[in-house]
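Encoded as structure tokens, the structure appears first; notes follow it.
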Amino acid sequence: MNDRIVRVDEHVVVACRPQDALSCLDGPTAIAAWFGGDRSGSRTTIASPAGELVLKRAHEEWLPDDGALLVVGTTGDLWFRAHLTVRSVMLPDAHPYLHPGTEIWAHVELGPADRAVQASAVIRDVLRHGLEHLRLELDAS
């Protein structure tokens, strides 16, 4: 917490192709739904046992061909920058063969750090829960 920002990184690797993952994550509204987010206008509400946050989006960029979503905004007196990316990885099998897989990675930066403890706890919970739901849906292994 000595940094001026707090970083939250969570990811999951699933045994499917990126195209299959992107069929579930086919835009900002669908992505928010996987993480329990309720979108209304420029606001998204997220909740976890750690609390509730209303995220006000100032900028949102959906890049479906690149499997990426970028969101910039505020929550209360904090600013945030967040992105979700979907990328191809290779998974080892019991033999020396490799199989296609997909990494879904969420990264959030919040500031200022000294006021971001509660918000980062909510965001971490929401990301972990959403990624677990995606793993259960997409993991073909």
Side-chain angles (χ1 to χ4, degrees), residues 1-94 96-141:
M1 290 291 268
N2 293 335
D3 287 338
R4 297 186 58 175
I5 64 173
V6 173
R7 292 175 183 87
V8 178
D9 286 296
E10 298 292 337
H11 79 279
V12 67
V13 175
V14 292
C16 73
R17 295 181 184 275
Q19 304 92 302
D20 299 327
L22 286 169
S23 70
C24 290
L25 301 168
D26 63 349
T29 299
I31 291 169
W34 279 101
F35 293 90
D38 180 27
R39 288 173 56 103
S40 177
S42 65
R43 299 176 187 272
T44 302
T45 303
I46 59 172
S48 82
E52 181 178 286
L53 293 176
V54 176
L55 308 171
K56 186 170 186 328
R57 298 180 309 279
H59 176 75
E60 180 175 76
E61 190 171 354
W62 170 233
L63 304 168
D65 294 336
D66 298 321
L69 173 65
L70 169 69
V71 181
V72 177
T74 58
T75 180
D77 61 350
L78 302 171
W79 59 265
F80 71 88
R81 282 189 304 248
H83 66 265
L84 181 125
T85 57
V86 175
R87 68 180 183 166
S88 178
V89 296
M90 296 305 291
L91 299 173
D93 197 358
Y97 304 109
L98 294 175
H99 298 281
T102 299
E103 179 184 39
I104 304 168
W105 178 49
H107 172 83
V108 180
E109 297 175 351
L110 292 161
D114 60 342
R115 295 193 306 262
V117 174
Q118 177 66 24
S120 65
V122 173
I123 290 168
R124 186 169 284 110
D125 286 350
V126 165
L127 292 179
R128 287 178 179 165
H129 185 74
L131 290 170
E132 177 62 11
H133 276 283
L134 284 163
R135 185 192 66 76
L136 292 171
E137 177 71 21
L138 295 169
D139 204 358
S141 63

Exercise. With sequence neighbours left out, which residue pairs that include part of residues 77-91 fulfil the salt bridge (charged side-chain N to carboxylate O under 4.0 Å, His left out) condition?
Worked result: D77-R115, R81-E109, R87-E103
Problem set entry | Min side-chain heavy-atom separation V72-W79 under 4.5 Å | no
Exercise. How close do A30 and C24 get, heavy atom to heavy atom, and via which atoms?
Worked result: CB-O, 3.6 Å
For this session: Taking the side chain as every heavy atom from C-beta outward, state whether I104 and L138 have any atom pair closer than 4.5 Å.
Result: yes
Exercise. Hey, what do you get for CG (L110) to CD (Q118), rounding to the nearest 0.5 Å?
Worked result: 11.5 Å
For this session: Compare every heavy atom of L134 with every heavy atom of F35, then report the nearest pair and how far apart it is.
Result: CZ-CD1, 4.1 Å
Problem set entry | Partners passing salt bridge (Lys or Arg N to Asp or Glu O under 4.0 Å) against R17 (at least two apart in sequence or in another chain) | none
Problem set entry | Heavy-atom pair of closest approach, residues P100 and L91 | O-CD1, 4.1 Å
Exercise. Who passes side chain to side chain contact (heavy atoms under 4.5 Å, CB included) against R39, sequence neighbours left out?
Worked result: P28, T29, A32, T44, R57, E60
For this session: Could you pull out the closest heavy-atom pair between A15 and D139, with the gap in Å?
Result: N-OD1, 2.9 Å
Exercise. Of L127, I123, V54, which meets side-chain contact (heavy atoms from CB on, under 4.5 Å) against I46?
Worked result: I123
For this session: Provide the closest heavy-atom pair for P112 versus L78 in the form atom of the first, atom of the second, distance.
Result: O-CD2, 3.7 Å
For this session: Output every pair passing ring pair (Phe, Tyr, Trp, His ring centres under 6.0 Å) with a member in residues 110-137, not counting sequence neighbours, ordered by first then second residue.
Result: H129-H133
Problem set entry | Pairwise side-chain contact, W34 with L131, heavy-atom cut-off 4.5 Å (strictly under) | no
Problem set entry | Contacts of H99 that satisfy side chain to side chain contact (heavy atoms under 4.5 Å, CB included) - sequence neighbours left out | D93, Y97
For this session: Starting at CG of L63, measure out to NE2 of H83 and round the result to the nearest 0.5 Å.
Result: 11.5 Å
Problem set entry | Among V13, T85, V12, the one residue meeting side-chain contact (heavy atoms from CB on, under 4.5 Å) with W105 | T85
Seminar exercise, completed: With sequence neighbours left out, the residues meeting side-chain hydrogen bond (donor to acceptor under 3.5 Å, both in side chains) with S48 are D125
Problem set entry | Backbone of C16 reached by a side-chain donor or acceptor of T102 within 3.5 Å | yes
Seminar exercise, completed: To the nearest 0.5 Å, atom CG of L53 lies from atom OG of S120 at 9.5 Å
Seminar exercise, completed: Output for pair (L22 CG, D65 CG), nearest 0.5 Å, gives 9.5 Å
Problem set entry | Donor-acceptor contact below 3.5 Å, side chain D9 vs main chain H107 | no
Seminar exercise, completed: One should read off an interatomic distance between E61 CD and L69 CG, to the nearest 0.5 angstrom, of 9.0 Å
